Amino acid sequence: MLCDLTDLYIKQRELDEEIARKHNVTYESTRNKRTLSLLVELGEFANSTRTFKYWSNKGPESKERVLDEFADGLHFLLSLGIDQGFIVNTIEVEDDETNLTDNLLRTYELTSIFYLDKTLNNYLILAISYLRSLFKLGYSWEEARDAYYKKLQENHNRQENNY
């Protein structure tokens with residue numbers, strides 16, 4: 001599946017700049033916090049899918065909630081890329097043999113690898129793994145992009161209202 005991230009990077013940079021002005025922060029001063037935020041949001045996304053809850057018969061949360069949690073993490077993934085100058089306009093994501101749980105664990109690992117070694121290759125592998133998680137649920141790139149824009153508007157509103 002081909003994911004066109006061009007406009008998302010532009011919109012994310014605008015949000016990042018708004019936050020930087022309002023809170024007097026920089027990419028450098030928030031780098032570790034954004035990395036931790038990605039890990040936290042990845043956990044919230046995983047929780048919404050309930051993929052690891054072998055002790056429960058309940059299914060995933062609503063599609064809207066899962067997409068919302070995914071969009072939260074996508075904001076931080078894009079922001080980390082912008083910070084390092086890794087603007088990847090399109091990414092081709094292919095499915096693999098892993099299940100969702102294993103893919104999420106791999107994405108955690110790849111986030112930690114990127115934290116320790118911020119290379120373009122490590123960023124690309126992380127981004128592919130993160131996006132693959134959503135596709136393993138059967139969601140499309142269009143649904144993910146729409147969820148990102150919805151969350152983007154919410155994040156701008158939060159900044160306007162001193163969130």
Side-chain angles (χ1 to χ4, degrees), residues 3-52 61 64-89 91 93 100-137 139 141 143-163:
C3 304
D4 184 352
L5 301 164
T6 307
D7 291 340
L8 277 64
Y9 278 109
I10 293 167
K11 296 300 185 184
Q12 186 62 46
R13 184 184 300 276
E14 291 170 359
L15 177 62
D16 289 350
E17 289 172 356
E18 179 182 356
I19 291 168
R21 281 190 308 274
K22 189 164 190 96
H23 298 278
N24 196 30
V25 296
T26 64
Y27 280 116
E28 185 176 3
S29 72
T30 60
R31 187 171 296 140
N32 290 349
K33 291 178 180 180
R34 283 180 290 111
T35 303
L36 180 57
S37 295
L38 175 57
L39 289 168
V40 169
E41 295 301 341
L42 181 58
E44 291 181 6
F45 170 63
N47 197 48
S48 72
T49 70
R50 301 181 57 84
T51 185
F52 62 94
E61 293 188 33
E64 181 177 295
R65 179 74 176 153
V66 172
L67 286 166
D68 182 67
E69 294 297 350
F70 178 84
D72 283 340
L74 186 56
H75 274 81
F76 291 108
L77 179 68
L78 294 169
S79 186
L80 287 166
I82 293 166
D83 174 23
Q84 296 299 310
F86 301 151
I87 309 300
V88 185
N89 291 325
I91 296 178
V93 180
L100 179 58
T101 298
D102 290 340
N103 193 82
L104 290 166
L105 285 168
R106 179 74 175 138
T107 306
Y108 268 101
E109 178 185 22
L110 292 168
T111 302
S112 296
I113 290 170
F114 180 71
Y115 169 72
L116 296 171
D117 187 19
K118 293 171 183 62
T119 66
L120 175 58
N121 188 58
N122 287 343
Y123 180 74
L124 282 171
I125 294 168
L126 168 59
I128 289 168
S129 183
Y130 188 75
L131 292 166
R132 183 178 290 128
S133 297
L134 187 70
F135 301 144
K136 286 188 176 293
L137 291 166
Y139 300 149
W141 171 242
E143 290 171 310
R145 187 189 59 226
D146 291 348
Y148 173 85
Y149 282 121
K150 182 178 178 184
K151 180 58 75 161
L152 178 70
Q153 185 58 52
E154 183 179 326
N155 287 335
H156 279 297
N157 291 342
R158 287 174 169 173
Q159 290 306 307
E160 291 171 13
N161 294 312
N162 294 316
Y163 176 74

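Computed from a predicted model, the values in this text were never measured in an experiment. What's counted below: heavy atoms across the whole structure, side chains too, no hydrogens, waters or symmetry copies.
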Would you please test Y9 and V88 for side-chain contact (heavy atoms from CB on, under 4.5 Å) and show each step?
-> CA-CA 8 Å; Y9 278 109; V88 185; 4.1 Å; yes

When rounded to the nearest 0.5 angstrom, what is the spacing between CG in L77 and CD in E41?
-> 12.0 Å

Between the main-chain N or O of L126 and the side-chain N or O of S129, is there a donor-acceptor pair closer than 3.5 Å?
-> no

Nearest 0.5 Å, what's the CD-CG distance between Q159 and N161?
-> 9.5 Å

R31 with E28: basic N within carboxylate O range, under 4.0 Å = no

S133 side, atom OG; I128 side, atom CD1 - distance, nearest 0.5 Å = 12.0 Å

Going through the distances and angles, do V25 and K33 end up as a side-chain contact (heavy atoms from CB on, under 4.5 Å)?
-> CA-CA 11 Å; V25 296; K33 291 178 180 180; over 6 Å; no

Given the rule in the side-chain contact (heavy atoms from CB on, under 4.5 Å) test, do Q84 and L80 qualify, once you have shown the distances and angles that lead to the verdict?
-> CA-CA 6 Å; Q84 296 299 310; L80 287 166; 6.0 Å; no

Is the closest side-chain heavy-atom distance between L67 and L134 below 4.5 Å?
-> yes

Would you say K11's side chain and L152's backbone share a donor-acceptor pair under 3.5 angstrom?
-> no

Is there a side-chain contact between D16 and D83, using heavy atoms and a 4.5 Å cut-off?
-> no

Quick one: pull up NE2 in H23 and OG1 in T30 and give me the separation to the nearest 0.5 Å.
-> 11.0 Å

Taking 4.0 angstrom as the limit, do K150 and E154 come out as a salt bridge?
-> no

Parallel, tilted or perpendicular: ring planes of F70 versus Y130, cut at 30 and 60 degrees = parallel

Taking every non-hydrogen atom, the tightest pair across C3 and L131 = SG-CD1, 4.0 Å

Parallel, tilted or perpendicular: ring planes of Y123 versus F114, cut at 30 and 60 degrees | tilted

Between F76 and L36, does a side-chain contact (heavy atoms from CB on, under 4.5 Å) hold up when you go through it step by step?
-> CA-CA 9 Å; F76 291 108; L36 180 57; over 6 Å; no

Side-chain donor/acceptor of T111 to backbone N/O of T107, under 3.5 Å | yes

Check V66 against E61 and note the closest heavy-atom contact, atom names and distance.
-> CG2-O, 3.8 Å

Check the surroundings of atom CD in E64: do more than 12 heavy atoms from other residues, nucleotides or ligands lie under 6.0 Å from it?
-> no

What distance do N122 atom CG and D117 atom CG have between them, rounded to the nearest 0.5 Å?
-> 5.0 Å

Heavy-atom side-chain proximity of F52 to L100 below 4.5 angstrom | no

Student check: side-chain heavy atoms of L78 and Y148 closer than 4.5 Å | yes

Over all heavy atoms of both residues, which pair between Y27 and I82 is shortest? Give the atoms and the distance, please.
-> OH-CG2, 3.1 Å

Side-chain heavy atoms of Y149 within contact of D7, under 4.5 Å = yes

Quick one: does T26's side chain have a donor or acceptor within less than 3.5 Å of a partner on S29's backbone?
-> yes

Answer yes if the side chains of N157 and Q153 hold a donor-acceptor pair under 3.5 Å, and no otherwise.
-> yes

In Å and rounded to the nearest 0.5 Å, what is the CZ to CG distance from F45 to D68?
-> 11.5 Å

If you take all heavy atoms of A71 and A147, which pair is closest and at what distance?
-> CB-O, 3.5 Å

Tightest non-hydrogen contact, residues Q12 and S79, listed as CG-N, 3.9 Å

Does a donor on one side chain and an acceptor on the other come within less than 3.5 Å for T6 and D4?
-> yes

Other residues, nucleotides, ligands: >12 heavy atoms within 6.0 Å of Y115 OH | no

Any donor and acceptor pair, going by atom type alone, linking the side chain of Y108 with main-chain N or O of G43 inside 3.5 Å?
-> yes

